[in-house]
Structure formats: structure tokens, C-alpha cells
Amino acid sequence: MVEIKLTNTRTRRKEAFAPIDPANVRMYLCGPTVYDRAHLGNARPVIVFDVLLRLLRHVHGEGCVTYVRNFTDVDDKINARAAATGRPIRDITDETIGWYHADMDALGAARPDHEPRATDYIAQMVDMTGELIAKGHAYETEGHVLFDVRSFPDYGKLSGRSVDDMIAGARVEVAPFKRDPMDFVLWKPSDADTSGWDSPWGRGRPGWHIECSAMSKALLGDSFDIHGGGIDLQFPHHENEIAQSCCASPQADFARVWLHNEMLQVEGRKMSKSLGNFFTVRDLLDGGTPGEVIRLVFLMTHYRKPMDWTADKAREAEATLRKWHALAAGAQDRGHLDAGIVDLLADDLNTAGALSRLHAMARDLAENATRDCHVEKGIFLSSARLLGLLLPGMDGWLSAGPDLSAQAARLVRLRDEAKASRDFAALDAFKAALTDAGVIIRMNRDGVELDPSPSFDAAKLAALS
RNA sequence: GGCGGGUUGGCGGAGAGGUUACGCAGCGGAUUGCAAAUCCGUGAAGACCGGUUCGAUUCCGGUACCCGCCUCCA
């Protein structure tokens, strides 16, 4: 069996992956807070862990992996949006989840096996909170329940911090009722206008971190294999999850392997609203960048390095995918994979290396274009699909856009006439007009292919006929 | 201030202690009525300073710069 190696944030080392139960490999990914469209940065963990999911299913078996990704649907940002719009919270979260599914589907990301909503697990969160109080790891004060970080000696281990150092950093908001400035909220009171649930500590709502502890336990158990998310979640979110889960279930391991993807940048800078380079996945899709192109751009950079989104990369990825789609046309996915691709992905998800392998396979196919190569083409296709590329139904963008078949037919006719008469003036004039209208022309012996470029102008095209 | 990550050719971006990464662009060629597309070939690198070594871009230490987290924006 292929040995998968993953860089475990907890140990800061690349380790051989050994599942607790090979018949049921369990993975949890921190999902979105559902109050608005997913921005481009949200897509990175989704794509990274989708590749890992495909690899795990390949190595351990289709039915031997359980993948959970939560929806945080109780949050003060959601409350604020409900208050601002007057809409019920459930309307907002339902709508946002629908958007999220549509956008992530467009990136070719498989839906997780379970997508728990925090609001469906309030009872489990209350139970865990009560358990932490009973075990002396949490305390109730002024309607809040707080986790006592001094009760957990390993607090800070995941992120390499010590409680004392962080306090010395003096950037911690100190609420007067906290025993220690680093103590964090498990449960907080809600006023009459804020969503809340009854609990032993009065009507209130959970703190952010407890949901992942409660839901991972409910769906994957006290101990599971992989826990993932963006590196920004390492502290405090994941640190707090570990504290909660390990103190509630001290006999268990909680998550054995912690995987964190590095952050996204845009044109070399942090994506932020103030810099004006903030955009959502939907913005890109609606702007004509296909989801498959977005995915390929992401895969070009290793997940543990900062990734820069640039328009240049998107152009390059689109050209590559056009070539690959053409090469794989008519190929059959028989599930036979290139061993090199599997080995590269198994080595801590070396997607960039895997892509270079696909390039090499594509070159071989192109060199042997005169032969049939159906076996090689099938391997190429199956291997690309391990990366979530060239998936069935993902090639719609290739033929999307305006119908240019009439212009293509006219171009063929003019070319035939020109070749017969040796007078190319009319043909060249038509080609120039098409180019001016933003149409990309590709001609070869067999026919012509027309595609709209980013500067496509429908009005100019219409004027030609 | 504390913690963590990064720095490779014009651009993007990997692996490996010593032998071509790869892709894009460029250049040369094939093909084409001309182009485009496609195919073939090709030059170009390892932030800086030390150390280990027969040999380092690859290991170790330091410096500079960039980025992230510590502010419930992935």
C-alpha cells in the first residue's frame, strides 16, 4: 500500500500516516461561518482537503473515509446581519449554505459525508460544557462559562506558545471576570433580542470553539485521524478545541494529525477590503473564470506555502486546461492511475509536483498524437481526476459563451473559396473583423475553432452578419 | 513585544548533498496562403554572511526583507 506522509503541525514534522481504523479514516475540516459569500481565501482549505480526500479514498478505499466539514451558523456576525436586515437568522444561514454549496461545487470539491450545523448540536455543546465544569476545567461567572487555561498544562502546545508569553505580549483583551486573561468563552448569555438556548447557566449561546469539539466527537468519536483548517485557525481556535476535547475526554487522543494550509494573497498582497482586492469565489465565477481554472491555480502552489492569486496565473491555468481537455477527449476513466502522481501526492500533497507529472504525460501523448494511445489517455484522465481536474461535467466552460458556429462555418467557406481562387482578401478581412470583435481564431487542416476572448464584444460581432 | 512561515532563472513553482525539474514568456525550427493554435529544440536560478563537507541552492547558525497569527475576517 502507498504510504501517505503528512506534515503534522502538532509535531512540526512530516510523518507517515497510520489511520486509527483503516476501514474508517476520519477527517474533520473547519468550515465557514455562514453569513456571506465565501471569499477566495475560503476556497483554499476546501480544495486542499478535497485533494487529500481523493488520495485517502484511493489508498484506503472508496467507502473507508469519513469526511466532516461543519457550518458555523451561530455567530455574532450572523446576529448582526439579522439585526441589520430584519431577516430571520435561519433564512440568512440557509441562503448562505446554498451559495457555499454552489460555489464549492463549481470548484470540483466533493461534498463531505457530513456537514453538521452548529445549531443542531447545541445539546452536545451544553453537555460538554457541563462536563468541563464538573472536571474542574471550566467555571461559571456572571452568566458566562469560561475555560480555565491554567487547568490544562498543554495549552499552547499546538501553536508553540506559552500562556505566560502571550500575557507578556499584552495584546490580550482582559475581561474583569476572567481568572486568567487567556481564559476563553464556552457559553455566554444572550439578551432578549439575541438568539439563545436554555442551559444550566441561563439562556445563552455557545462560544465559537466548542462547536467543533462537540460535533467532531458526535460524528467521528473522541479520537480521529485528521483535523484541518487554515493556519490562522491554529491559534486560538484549534488550541481551544484541543483544550476542550482533551480535558473532556482525557483518555482519548482527539485529533492525531493537524494539517494547516497557508494563507492566500492577491497580486502579492493580503486580500482585504481596504486594499480593494477583496473578492469572492462567486465574483470570479461570474467574471468568467471557470471553477476548474481556480482549482488549478490553487494546486500550483504547495498547501503549506503562501499562495498568490494573480490574473496571469489564471490565464496560464486556463490555457493548460484547454490543452488537457483536448488531449483527454474521448478517453475512458478506468481508474488506472499513474504511480508517479500517487507517490507525489502521498508525499505531503505535492500537487505542484503532480501537475508537472501531468505535463510530462501530456507531452508524451502529444508526441504520439498519430497513434491511438487510448490506454495512456485513460491513465492521464484518471490521474488528473485524482487532483479533481477534468472531472465529469466540469468541462462546460470550454463550450460556454456565445454561439459562434455560424461565423465558424462562414470562415471555413471563405477559406475554401480563397484557396481555390488564391485571393485571400475577403478571408483576411473577415478574420480581422472577428479578432477585432474579441474572437480567438484557431484554424487547422480539419476545421476552425472560435472562442470568445476576455475582450469579446457581442455588438461588433453582430455587426458582421 | 511573543509565536510561526517564507525568500529559487523574466514570471510562476518543485524535488534532490554531487547528474535536465516542470509550466508560462523569450529565442530558433517544423507546420500554415499569412497568422493563431499545435509540435520539436534552447539560453537562464537559488536573498545576504558564515559553518559542516571532497562538494550545498539542498544540512546548521546568523543577518536582511516579506507574510501570517496573537484583535472570535480561512
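What you see is a predicted model; the values in this text were computed from it and never measured. We name chains A, B, ... by the order of the sequence lines, and we start the count at 1 in each one.
As rounded to whole Å, 20 Å separates atom P of B/rA21 from atom CG of A/L358. B/rG4 atom P lies 17 Å from atom CG of A/D232, rounded to whole Å. Spacing between atom NZ of A/K305 and atom P of B/rA14 amounts to 5 Å, rounded to whole angstrom units. The CD-P distance, from A/Q234 to B/rU71, rounds to 14 Å in whole Å. Following rounding to the nearest Å, A/R304 (CZ) and B/rC67 (C1') show an atom-to-atom distance of 16 Å. In this structure, CH2 of A/W258 is placed 16 Å from C1' of B/rG4, rounded to the nearest angstrom.
Dense packing is recorded around NE2 of A/H101, with more than 12 heavy atoms of other residues, nucleotides or ligands lying under 6.0 Å away.
Electrostatic pairing of A/D36 and A/R81 counts as a salt bridge here, judged by a charged N lying under 4.0 Å from a carboxylate O. Of the charged side-chain nitrogens involved, at least one lies within less than 4.0 Å of a carboxylate oxygen, so that A/R87 and A/E95 count as a salt-bridged pair. Between A/D180 and A/R150, at least one side-chain N (NZ, or NE/NH1/NH2) sits under 4.0 Å from a carboxylate O, which counts as a salt bridge.
Nucleotides B/rC65 and B/rA56 place their C1' atoms 23 Å apart, quoted to the nearest Å. Straight-line distance between the C1' atoms of B/rG23 and B/rG61: roughly 35 Å, to the nearest whole Å. Atom name C1', nucleotides B/rG17 and B/rU53: the rounded distance is 9 Å, in whole Å. Rounded to whole Å, the P atom of B/rU19 lies 15 Å from the corresponding atom of B/rA45.
Counting distance only, with no hydrogens placed and no angle test, the side-chain atoms of A/H302 and the base atoms of B/rA14 include no donor-acceptor pair under 3.5 Å. Between the side chain of A/D312 and the base of B/rG12, no donor-acceptor pair of N or O atoms lies under 3.5 Å.
Using a 3.5 Å distance cut-off with no hydrogens or angles, the side chains of A/T310 and A/D312 do not pair a donor with an acceptor.
Base-pairing analysis of RNA chain B finds the following stems of at least three consecutive Watson-Crick or G-U pairs, with both pairing distances under 3.5 Å: B:1-7 with B:64-70, B:10-12 with B:22-24, B:26-30 with B:38-42, B:47-51 with B:59-63.
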**Report entry** Footprint string (nucleotides 35-40 of chain B, 5' to 3'): B base within contact, S backbone only, - free, heavy atoms under 4.0 Å
**Finding:** BBSSSS

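The aromatic rings of A/H238 and A/H227 lie perpendicular to each other, with more than 60° between the two planes, well past the 30° mark.
Atom CD in A/E115 sits 9.5 Å away from atom CG in A/N70 (nearest 0.5 Å).
Judged by distance alone, the side chain of A/R44 and the main-chain N or O of A/M263 form a donor-acceptor pair under 3.5 Å.
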Query - Audit row: A/R357, A/S383, side-chain hydrogen bond (donor to acceptor under 3.5 Å, both in side chains) steps and yes/no - result: CA-CA 10 Å; A/R357 185 86 191 123; A/S383 302; over 6 Å; no

